[in-house]
Amino acid sequence: VQLQASGGGMVQAGGSLRLSCAASGRTFSDYTLGWLRQAPGKEREFVAAISRSGSSTYYADSVKDRFTISRDNAKKMVYLRMNNLKPEDTAVYYCATSPRPYGWGVSIPPLSSHEYDYWGQGTLVTVSS
């Protein structure tokens, strides 16, 4: 499987960006999808996840009510809409797939990096104050 993330850039605090991730070579709808990020000098952290059907979403507390994850299984795309960006959102953002279930009675998605198996190359988001 290959994942290609795009949409990063530089934005001022309070601004918005939409990240996109295109997948190929896999049965896209069979997998939970996530966005994770890694800031300079910090470990990679969970941002958001979406279930296979797209009916369930989950967010880190730090981005809740500001970020929205969505997916289009027909197009094999996953998106992350980021509003009201803050300087602390500055990081490289990665899309990733996970074979772990989420939704349909499983209320918590995979949250750790090691639970995700395929990764995009990352896209840099820089938020200036």
Side-chain angles (χ1 to χ4, degrees):
V1 63
Q2 291 186 331
L3 298 170
Q4 182 75 35
S6 61
M10 185 175 293
V11 63
Q12 289 189 330
S16 298
L17 283 173
R18 189 180 82 153
L19 305 184
S20 300
C21 180
S24 62
R26 196 172 196 184
T27 308
F28 186 76
S29 59
D30 285 353
Y31 299 93
T32 299
L33 298 173
W35 286 95
L36 298 90
R37 67 186 181 186
Q38 187 165 18
K42 295 187 177 181
E43 293 187 355
R44 196 168 296 186
E45 66 174 1
F46 172 83
V47 175
I50 189 166
S51 62
R52 300 170 187 180
S53 67
S55 60
S56 298
T57 57
Y58 193 92
Y59 300 92
D61 287 343
S62 58
V63 307
K64 199 173 295 181
D65 298 326
R66 298 189 297 122
F67 290 12
T68 303
I69 187 172
S70 60
R71 68 189 291 167
D72 185 330
N73 286 340
K75 295 181 179 179
K76 295 186 178 181
M77 295 288 296
V78 60
Y79 306 97
L80 185 68
R81 177 67 180 181
M82 306 185 293
N83 294 329
N84 190 21
L85 282 160
K86 304 176 180 180
E88 52 263 42
D89 294 318
T90 295
V92 177
Y93 284 72
Y94 299 90
C95 56
T97 64
S98 175
R100 303 272 185 147
Y102 171 53
W104 290 98
V106 179
S107 60
I108 304 297
L111 300 178
S112 299
S113 296
H114 71 269
E115 296 181 282
Y116 290 84
D117 51 3
Y118 290 93
W119 295 78
Q121 85 287 1
T123 185
L124 176 62
V125 173
T126 303
V127 185
S128 60
S129 57

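- Figure legend: R71 and F28 shown as a cation-pi pair, the cationic atom lying under 6.0 angstrom from the six-membered ring centre and within 45 degrees of its axis.
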*Audit row: S51, W104, side-chain contact (heavy atoms from CB on, under 4.5 Å) steps and yes/no*: CA-CA 9 Å; S51 62; W104 290 98; over 6 Å; no
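- In this structure a side-chain-to-backbone donor-acceptor pair under 3.5 Å is missing from Q121 to Q4.
- Counting only distance, with no hydrogens or angles, the side chain of T68 and the backbone of R81 share no donor-acceptor pair below 3.5 Å.
- The minimum heavy-atom distance linking Y102 with P110 is given by the pair CB-CD, 4.5 Å.
- For the pair N83/S16, a side-chain contact is recorded, criterion being any heavy-atom separation below 4.5 Å from C-beta on.
- For the side-chain contact (heavy atoms from CB on, under 4.5 Å) criterion with V47, the lone passing option out of I69, L19, V63 is V63.
- Within the 4.5 Å cutoff, the side chain of S128 has heavy atoms near those of the Q12 side chain.
- More than 12 heavy atoms of other residues, nucleotides or ligands sit less than 6.0 Å from atom CG of D30.
- Interatomic distance, L33 CG to C95 SG, rounded to the nearest 0.5 Å: 8.0 Å.
- Looking at D89 and K86, no side-chain N of the basic residue comes within less than 4.0 Å of a carboxylate O on the acidic one, giving no salt bridge.
- For T90 (side chain) and V127 (main-chain N/O), a donor-acceptor pair under 3.5 Å exists by modelled atom type.
- Side-chain contact between R44 and W119 is present, with heavy atoms from C-beta onward closer than 4.5 Å.
- Taking the side chain as every heavy atom from C-beta outward, S98 and Y31 never approach each other to under 4.5 Å.
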*For S62 and R37, what are the C-alpha separation, side-chain angles and deciding distance, and is it a side-chain contact (heavy atoms from CB on, under 4.5 Å)?*
CA-CA 12 Å; S62 58; R37 67 186 181 186; 3.5 Å; yes
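- Not one N or O on the side chain of Y59 forms a donor-acceptor pair closer than 3.5 Å with the backbone of R66.
- Residues F46 and P109 have side chains in contact (heavy-atom distance under 4.5 Å, counting atoms from C-beta outward).
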_For a side-chain contact (heavy atoms from CB on, under 4.5 Å) check, start with the C-alpha distance between W35 and M82, then their side-chain angles and the critical distance, and finish with the verdict._
CA-CA 12 Å; W35 286 95; M82 306 185 293; over 6 Å; no
